[in-house]
Each structure stands twice: as structure tokens, then as C-alpha cells.
J.: 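I have a structure here, written as C-alpha cells, and I will follow up with some questions on it.
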Amino acid sequence: DAGVIQSPRHEVTEMGQEVTLRCKPISGHNSLFWYRQTMMRGLELLIYFNNNVPIDDSGMPEDRFSAKMPNASFSTLKIQPSEPRDSAVYFCASGAGGPPETQYFGPGTRLLVL
Amino acid sequence: RKEVEQDPGPFNVPEGATVAFNCTYSNSASQSFFWYRQDCRKEPKLLMSVYSSGNEDGRFTAQLNRASQYISLLIRDSKLSDSATYLCVVNEVYGNKLVFGAGTILRVKS
């Protein structure tokens, strides 16, 4: 079975540019999570969806970040405009429901903003 | 105070050693607890859930002490392949939100 799929795997962009990260959750999972991981702050939850509806976006750092889940098989995380401090690994994870719930992580997108 | 605190390590141990990691959490109402493993430049993966009665999976044993808000992971007979970062994870009371500790680095050497 395919796991969580993320694209792109690597992204290098310049400050001010728009960045769009994509995620395809595991088929049948109804929860989707976006995380950001940095050396300084560790793994932080940005936002999560349940049945395509955003449930908790309290971790979204500021208005430059937005996330959508138009259907059960696709989600995007957009940063506009990007800044160097947004450089991190962004993980998408999906889960089959709970609580408690096991989350399955995608391989991540490594973002570098110059 | 962080919601989930771990000793960052690194723990450098020889093959065959027994090593223990500890973790404390601040929310006494937390209900579910996990250990995840993250290899270098990879995604986190669930290692095991942690139950009040304690649970064992091969060389790995997890314990939970609710009174002390303390979680532990014991690895016996360490293998080189156990080298990774071990993340202590707590499920918030409501919803499916997981809170991750910063991780403990384990390096097993021959």
C-alpha cells in the first residue's frame, strides 16, 4: 500500500516567493496533519483536518501560511510570501481516526528559503 | 515549561547495552502516550504505544507513571540499527492532536 505522499521532496526558493506543498494521505484515512520540524523548535503541529474540515489551526504561525483540503485525497500548505525563517522540513501525516490515533507520516518536504 | 520534556542526549552506548529514556509531560489530563522513532533525514514512525500497565515489544519496554506524569522507554541488547532519535508523544485530551517532545538521540556503536 502506498503511504502518505508529499511533493515536492525538496524546494529551494527565494524570499518573497510563494511556496505550495502538497500531500496525498493514505486512502481511507479521515484525519490529516501538517507539521513543521526545525532544530530549534522540534516537531510542531501547524494544522489538522478531520473529514476535510480544519479542526485546529492554532499552530499556523501567521497569515502567510494557509492550508486547504478540497477533498479526502489531497491537501496543500501554502506560504506566501516565504521568508528565510520558514526554512524547515514540512511533514504531512494522516490517521484513520481516534482518539487515540496512530499517525502515519509522509517523507517530508525540505524547504530552503534564501 | 514545555508540554513534553525529554533529555536530548546524545546517549552513546556500545552494542548489547541496555539504555533507558525518560520523558515527562505537563498536562495531567493527557490520555494517550506513544514513542516514535525518527531516523536521520526520515519521517517519524510509531515505535509503540504506552499503557498504564506497561508494555513490551521484543527488546523494547515502555512504562507509564500517571502519578508522576512520567514515561519511559527501555531498550535491551542494543543494536547498531537502534541508532535514531526517539520521540516521546502525548495525545491531548480532546481531539487527535499529538504533542511531540524534542527527542532523545541514541547512538549505538560497535
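Bear in mind the structure is a predicted one, so any value in this text is a computation, not a measurement. Chain letters run A, B, ... following the sequence lines, proteins first, then strands; residues in each count from 1. Both backbone and side-chain heavy atoms feed into the values below; hydrogens, waters and symmetry mates do not.
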J.: Do other residues, nucleotides or ligands put more than 12 heavy atoms under 6.0 Å from the CG atom of A/D63?
T.: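 No, not enclosed.
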
J.: If two hydrophobic side chains count as joined below 4.5 Å and joins carry through other members, does B/L46 share a cluster with B/L74?
T.: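 In one cluster: no.
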
J.: Need one label for A/R110: side chain, backbone, both or neither, based on atoms under 4.5 Å from any heavy atom in chain B.
T.: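 A/R110 touches chain B through side-chain heavy atoms alone.
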
J.: Same cluster or not: A/M39 versus A/L43, using hydrophobic residues (I, L, V, M, F, W, Y) connected whenever any side-chain heavy atoms lie under 4.5 Å apart?
T.: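 As far as the 4.5 Å side-chain criterion goes, A/L43 and A/M39 are not connected within one cluster.
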
J.: Would you say that A/Y35 contacts B/L98 through its side chain, given a criterion of any heavy-atom pair below 4.5 Å between the two side chains?
T.: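 They are in contact (side-chain heavy atoms under 4.5 Å apart), so the answer is yes.
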
J.: Please indicate whether A/E14 has more than 12 foreign heavy atoms, meaning atoms of other residues, nucleotides or ligands, lying under 6.0 Å from its CD.
T.: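 Not buried by this count: 12 neighbours or fewer within 6.0 Å.
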
J.: Same hydrophobic cluster for B/L80 and B/F21, using side-chain heavy-atom links shorter than 4.5 Å among ILVMFWY?
T.: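 They do share one cluster, since a chain of ILVMFWY contacts under 4.5 Å joins B/L80 to B/F21.
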
J.: Quick one: closest heavy-atom pair of A/F91 and B/Q38, and the distance?
T.: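 Between these two residues, the closest heavy atoms are CZ-NE2, 3.7 Å.
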
J.: Taking atom NZ of B/K97 and atom CG of A/D56, what is their separation to the nearest 0.5 Å?
T.: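 Here the interatomic distance stands at 5.0 Å.
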
J.: Hey, any chance A/L32 and A/F105 share a hydrophobic cluster, counting ILVMFWY side chains that come within less than 4.5 Å of each other, even indirectly?
T.: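 Hydrophobic grouping puts A/L32 apart from A/F105.
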
J.: Name the region of A/E44, side chain, backbone, both or neither, that has any atom closer than 4.5 Å to a heavy atom of chain B.
T.: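 It is neither, since no heavy atom gets under 4.5 Å.
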
J.: Tell me whether the count of non-hydrogen atoms from other residues, nucleotides or ligands lying under 6.0 Å of OH in B/Y70 goes above 12.
T.: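 Yes, the 6.0 Å shell around OH holds more than 12 heavy atoms from other groups.
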
J.: Return the CZ to CD distance between B/F100 and A/Q103, rounded to the nearest 0.5 Å.
T.: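 It is 6.0 Å, given to the nearest 0.5 Å.
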
J.: Where does A/T38 contact chain B at under 4.5 Å (heavy atoms): side chain, backbone, both or neither?
T.: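 No part of A/T38 comes within 4.5 Å of chain B.
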
J.: Under 4.5 Å heavy-atom distance to chain B, tell me which part of A/Y104 shows up: side chain, backbone, both or neither.
T.: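 Contact with chain B is absent: no heavy atom of A/Y104 under 4.5 Å.
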
J.: Count I, L, V, M, F, W, Y as connected when their side-chain heavy atoms are under 4.5 Å apart, and connections chain through other members. Are A/L45 and A/F49 then in the same cluster?
T.: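 Different hydrophobic clusters.
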
J.: Checking A/I55 against chain B: side chain, backbone, both or neither under 4.5 Å from a heavy atom?
T.: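 Neither part.
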
J.: Select, from A/P107, A/G59, A/A93, the one with the greatest count of heavy-atom pairs under 4.5 Å involving chain B.
T.: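 With the most close heavy-atom pairs to chain B, the winner is A/P107.
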
J.: Looking at every heavy atom in both A/G106 and B/E43, which two are closest together, and how far apart are they?
T.: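 Between these two residues, the closest heavy atoms are O-CB, 3.0 Å.
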
